[in-house]
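Not measured: the values here are computed from a predicted model. Atoms within a ligand are numbered from 1 in the order they appear, just like the ligands themselves. Values below: every heavy atom of this structure, side chains too, minus hydrogens, waters and symmetry copies.
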Amino acid sequence: MTTHLVSLGDFNKSELQAYIDRALELKKEAKDGVRHQQLAGRTIGMIFEKPSTRTRVSFESAMYNLGGQVIYLSSKDTQLSRGEPLKDMARVMSRYVDGLVVRTFGQHVVEELSAYATVPVINALTDLFHPCQILSDIMTVIEAKDKPLEDLHIVWIGDGNNMANTWVQAAAKLGFKLTLACPEGYDPDAEILKNAQNGAVKPIAVVRDPKEAVRDADVINCDVWASMGQESEAKERLAIFRPYQVNGELMACGKADMTVLHCLPAHRDEEVTDEVLEGPQCVAFDQAENKMHIHMAILEKHLL
Ligand code: CP
Ligand code: NVA
């Protein structure tokens, strides 16, 4: 059966853990010089309707590292931009490639593609979710901390965006404490939050005060204040989110060994100061590397 990865909500704890375990193993193998060929002769199509540096290049590298090949299609390159129905695109692409990696605006786009595609569809970011990113971020947390994930308090600071929604799902599935400090009106998606809180073993809470949120945090996580597609709101958001900047003052309210995550790209001196991003507690570049290892694990699992 074709298994898609459009939302972490479709997977159970052991399935999510398996991606991370395999990525940790592949990372170790890469350092030991092990070469892979398990996807030789297979091809993925990458349909990207938003810009990307990390996700695009790490998926392409992941596929080549497994012996496979990639066809990259930006939105202007396909007939989607001229209104070809998604259901036709899905069925046509399924005749040519062994999997689709899709970055787009609406979550409904990846859902409709996955409903019609006969090959796996992998969500490489929508306005609602960024599932592959959160898997590599959790892998990075596991590497950075010497406590089990279930014993960690992870904090999100800033916009209740696609990243935040996916952290909410991950907290419920993997069973860790999550606090989100968001300004009023910028909470994560209400339905995703309610569903996660109903099934969670550890608290998942939204607070307004970032200093209160970081007090016993093991990990804090930040992201841009205006996501792709929200450029027209950027100026207004600058003022609203200013109290949510991850800076020296906020760091001083947390534990001395608090780890800082940022999925990048970062806007220095907006959501995070240069001092914190370049500081010893920040693991943003490990996160960026781990995207390639997790994408290898995802491609192996869904394409083999
Ligand atoms: N973190 C992330 O998804 O980065 P890109 O937008 O560069 O892919
Ligand atoms: N929330 C950001 C994440 C970028 C990787 C965006 O959607 O633009």
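Using a 4.0 Å heavy-atom cutoff, Lys50 is absent from the residues neighbouring ligand 1.
For ligand 2, the atoms closer than 4.0 angstrom to any heavy atom of Asn162 are 1 (N), 2 (C), 6 (C), 7 (O). Close contacts of ligand 1 with His130, meaning ligand atoms under 4.0 Å from a residue heavy atom, involve 2 (C), 3 (O). Contact atoms of ligand 2 toward Asp223: 1 (N), 2 (C), 3 (C) (distance under 4.0 Å to a heavy atom of the residue). Which parts of ligand 1 touch Thr53 is read off a 4.0 Å heavy-atom cut-off, strictly below it: atoms 5 (P), 7 (O), 8 (O). Interface atoms of ligand 1 facing Lys291, defined by a heavy-atom separation under 4.0 Å, are 1 (N), 2 (C), 3 (O). Numbered from 1 in the order shown, with element, the atoms of ligand 1 that lie under 4.0 Å from a heavy atom of Gln133 read 1 (N), 2 (C), 3 (O).
For Leu125, no heavy-atom contact with ligand 1 is shorter than 4.0 Å.
With 3.5 Å as the limit, one finds no donor-acceptor pair spanning the side chains of Ser75 and Glu49. Side-chain atoms of Gln107 and Asn162 include no donor-acceptor pair closer than 3.5 Å. Using a 3.5 Å distance cut-off with no hydrogens or angles, the side chains of Asp137 and Asn221 do not pair a donor with an acceptor. For the 3.5 Å distance criterion, the side chains of Glu111 and His4 fail to qualify, holding no donor opposite an acceptor.
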Which atom pairs, one a donor and one an acceptor, fall under 3.5 Å between side chains of residues 150-160 and the rest of the protein, sequence neighbours left out?
{"from": "Glu150", "atom 1": "OE2", "to": "Lys13", "atom 2": "NZ", "distance (Å)": "3.1"}
{"from": "His153", "atom 1": "ND1", "to": "Asp216", "atom 2": "OD1", "distance (Å)": "2.7"}
{"from": "His153", "atom 1": "NE2", "to": "Thr179", "atom 2": "OG1", "distance (Å)": "2.6"}
{"from": "Trp156", "atom 1": "NE1", "to": "Asp159", "atom 2": "O", "distance (Å)": "2.7"}
{"from": "Asp159", "atom 1": "OD2", "to": "Arg237", "atom 2": "NH1", "distance (Å)": "3.0"}

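Among protein heavy atoms, atom 8 (O) of ligand 2 sits closest to Met228 N, 2.8 Å. When only non-hydrogen protein atoms are considered, atom 4 (O) of ligand 1 lies nearest to Arg54 NE, 2.9 Å. Distance from atom 6 (O) of ligand 1 to its nearest protein heavy atom, with residue and atom name: Arg103 NH1, 2.9 Å.
Taking any N or O of Arg56, backbone or side chain, none lies under 3.5 Å from an N or O belonging to ligand 1. For ligand 2, one of its N or O atoms has an N or O atom of Ser227 under 3.5 Å away. Any N or O atom pair closer than 3.5 Å counts here, and Leu264 shares at least one such pair with ligand 1.
Cation-pi geometry between Arg56 and Tyr72 is met: the NZ or CZ atom falls under 6.0 Å from the ring centre, inside 45° of the normal.
By the 6.0 Å contact criterion, CD on Glu15 is enclosed, its count of non-hydrogen atoms from other residues, nucleotides or ligands being greater than 12. In Glu191, the CD atom is not crowded: 12 or fewer heavy atoms of neighbouring residues, nucleotides or ligands sit closer than 6.0 Å.
Between Phe241 and Glu236 there is no side-chain heavy-atom pair separated by less than 4.5 Å.
Looking at Val224, Leu125, Asn161 and measuring to atom 4 (C) of ligand 2, the nearest heavy atom belongs to Leu125.
Applying the side chain to side chain donor-acceptor pair (under 3.5 Å) test to every pair with at least one member in residues 288-304, sequence neighbours left out, gives these pairs: Tyr19-His302, Arg22-Glu300, Lys27-Asn290, Lys31-Glu289, Gln38-Glu300, Thr55-Lys291, Ser58-His295, Gln133-Lys291, Thr140-Asn290, Glu143-Asn290, Glu289-His293.
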